[in-house]
Amino acid sequence: MSDTIATIMAKAVEHPQNLALAELETLLGVEDPEELSRMFDAARKLKLKCCGKGIAMRGLVEAGNTCAKDCFYCGIRKSNAAVTRYSLSADEIVAAAEESKALGYASLVIQSGEIESESHTAFIENVLERIRHLNLGVTLSLGEQEESVYARWKAAGASRYLLRIETSNPELYARIHPAECDWARRVECLRALRRTGYQVGTGVMCMLPGQTLADLARDIEFYARMDVDMIGMGPYIPHEQTPLGQEAGHVTTEERLLMGLKMIAVTRLYLHDVNIAAATALQALAEDGRERGVMAGANVIMPNITDVRYRRSYQLYAGKPCLNENAGMCKGCLESRLESIGETVLYGQYGDSRHYKKRQDGGCL
Ligand code: SAH
């Protein structure tokens with residue numbers, strides 16, 4: 001291993017946020033297989049030290065694909081006429097929450113396209129009130145909303161919110177979104193979520209056209225600057241029914257996967273105690289993508305528990321996995337996959353971010 005990489009890694013594990021921008025960039029640029037495997041090992045060890053043993057599970061329910069946004073990369077963008085639109089009923093979401101509980105996942109993620117309306121706000125509020133008695137840790141991923149909406153959902157029982165910034169570079173953001181999408185509003189939403197008392201999660205896509213290693217290093221600094229508790233990030237995967245997906249690209253599947261893994265490892269090495277999810281997009285690129293995410297330092301997995309009838313309609317990118325497998329099948333499969341790499345599934349636990357808990361306790365846990 002080169003001295004430079006060894007020195008940077010030794011520095012990284014000393015304490016959080018101990019690397020300069022150029023050092024983050026150097027780690028993200030590692031290509032040598034041996035260096036990579038040492039970097040992933042170091043990140044996984046740090047995960048064990050700072051987040052404990054085992055992998056936290058969140059049942060993911062894709063509540064609807066109707067979206068007001070027209071993001072240039074996303075398969076469910078509003079202009080994609082080829083998508084059959086659906087919205088789960090309140091009963092269906094409640095049933096999914098009950099299933100999540102029955103499967104032993106003490107935590108639930110409700111994700112959908114972006115809708116801002118009083119009826120949608122009230123609908124989600126009602127669902128949250130109906131599942132409150134299940135005592136699940138509930139994460140929402142429902143896009144940009146007014147602070148008052150975030151507050152209502154919080155009061156109704158949600159405790160975490162995931163809103164990816166997509167990229168911390170406002171110019172790159174402007175290139176992959178229509179003009180009405182405002183990067184600054186997204187940042188303001190993250191601040192509003194923090195003020196409202198959520199455990200806040202964000203993340204980016206990597207391997208976007210035109211994105212540089214310096215952009216990705218700055219993304220990791222952005223996580224630190226925003227002092228977020230959870231990270232959900234993954235490789236960008238072209239979807240042919242989108243404008244960005246039709247642009248010619250020269251990135252291989254292996255390169256996308258590898259950068260997804262490096263982002264996990266370097267984020268772990270920089271932030272230590274945040275929750276980092278091994279995103280489903282990794283699994284879309286390789287069958288064992290999520291396990292590899294865990295081996296690179298991730299500590300959360302979000303198995304899809306959406307009814308298989310709807311999964312095909314919630315394709316943000318090409319190659320979405322497990323389109324025909326129900327939640328029970330996914331559970332068995334995941335458990336054995338995680339055991340094969342020496343991990344255990346944490347059943348019946350909220351899996352709160354330790355970073356959040358430390359902040360709540362004034363810095364000492
Ligand atoms: N609309 C909600 C959540 C649904 S989209 C929100 O904005 O928060 C969830 C995430 O899927 C997005 O944040 C984006 O990062 C990711 N995504 C969308 N299209 C993608 C693609 N083509 N490749 C990889 N990830 C994609």
Side-chain angles (χ1 to χ4, degrees), residues 58 60-80 83 85-88 109-116 120 124 139-145 149-150 153 158 160-168 172-173 176-178 180-183 185-187 189-190 192-193 198 200-209 211 216 219 222-223 228 230-247 249 251 253 256-257 259-260 263 277-285 289 293 302 304 306 310 313-321:
R58 326 241 178 270
L60 170 68
V61 50
E62 295 154 341
N65 64 359
T66 303
C67 194
K69 293 261 170 86
D70 226 358
C71 308
F72 295 157
Y73 47 85
C74 183
I76 63 167
R77 65 198 300 266
K78 77 170 174 204
S79 300
N80 186 2
V83 175
R85 303 288 166 176
Y86 75 92
S87 301
L88 297 192
V109 182
I110 304 176
Q111 188 179 81
S112 78
E114 285 193 31
I115 304 170
E116 283 189 75
H120 179 65
I124 295 294
T139 307
L140 299 180
S141 179
L142 306 173
E144 293 168 31
Q145 303 286 341
V149 173
Y150 291 144
W153 290 342
R160 311 169 178 145
Y161 205 103
L162 208 53
L163 182 76
R164 287 187 178 180
I165 191 66
E166 313 298 0
T167 167
S168 65
L172 178 57
Y173 188 90
I176 61 170
H177 292 94
E180 65 270 18
C181 292
D182 180 10
W183 183 86
R185 184 188 186 211
R186 224 157 162 88
V187 176
C189 283
L190 287 170
L193 287 163
Y198 283 90
V200 180
T202 193
V204 298
M205 287 177 287
C206 58
M207 300 309 265
L208 287 162
Q211 192 176 40
L216 293 172
D219 290 340
F222 176 87
Y223 303 154
V228 292
M230 322 181 289
I231 314 283
M233 61 189 163
Y236 159 65
I237 305 175
H239 186 299
E240 63 173 17
Q241 290 157 358
T242 63
L244 208 64
Q246 279 173 4
E247 280 179 21
V251 184
T253 298
R256 287 187 202 285
L257 178 65
M259 190 54 83
M263 281 296 281
T280 315
L282 294 174
Q283 195 193 356
L285 296 174
M302 307 196 291
N304 198 335
T306 311
Y310 300 111
S313 300
Y314 200 87
Q315 291 192 67
L316 309 172
Y317 44 78
K320 179 178 176 176

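Everything numeric in this text was worked out from a predicted model, so none of it was measured. In listed order, ligands and their atoms are each counted from 1.
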Min over G143, S112, C74, C67 of heavy-atom distance to atom 1 (N) of ligand 1 lands on S112
* Check: Y73 N/O within less than 3.5 Å of ligand 1 N/O -> yes
### Message
Do R160 and R58 have side chains that approach each other closer than 4.5 Å (heavy atoms only, starting at C-beta)?
### Response
yes
The answer for which part of M205 has a heavy atom under 4.0 Å from ligand 1 is side chain
Note to self: Keeping Y198 on the side-chain end and Y150 on the backbone end, is there a donor-acceptor pair under 3.5 Å?
What the structure shows: yes
Q) Would you say H239 touches ligand 1, if touching means a heavy atom closer than 4.0 Å? A) no
Between ligand 1 and I237, is the shortest N or O to N or O distance under 3.5 Å? yes
Heavy-atom proximity to atom 24 (C) of ligand 1 ranks first, among P238, P235, G260, for P235
Discussion item. Please report whether ligand 1 has a polar contact with Y317, defined as an N or O pair separated by less than 3.5 Å (distance criterion only).
Written reply: no
Item to check | R256 heavy atom under 4.0 Å from ligand 1 | outcome: no
Quick one: are D219 and Q211 in side-chain contact, heavy atoms under 4.5 Å?
-> yes
Heavy-atom donor-acceptor pair, Y223 side chain to T202 backbone, under 3.5 Å: no
| request: Look only at interatomic distance and state if R164 has a nitrogen or oxygen under 3.5 Å from any nitrogen or oxygen of ligand 1. | output: yes
Taking distance alone, with N or O pairs closer than 3.5 Å, would you say Y314 contacts ligand 1? no
Short version for Q145: what comes under 4.0 Å of ligand 1, heavy atoms counted, is neither
>> Using a plain distance cutoff, I'd like to know if Y236 has any nitrogen or oxygen under 3.5 Å from a nitrogen or oxygen of ligand 1.
In response: no
Logged contact type for E144 with ligand 1, heavy-atom cut-off 4.0 Å, is neither
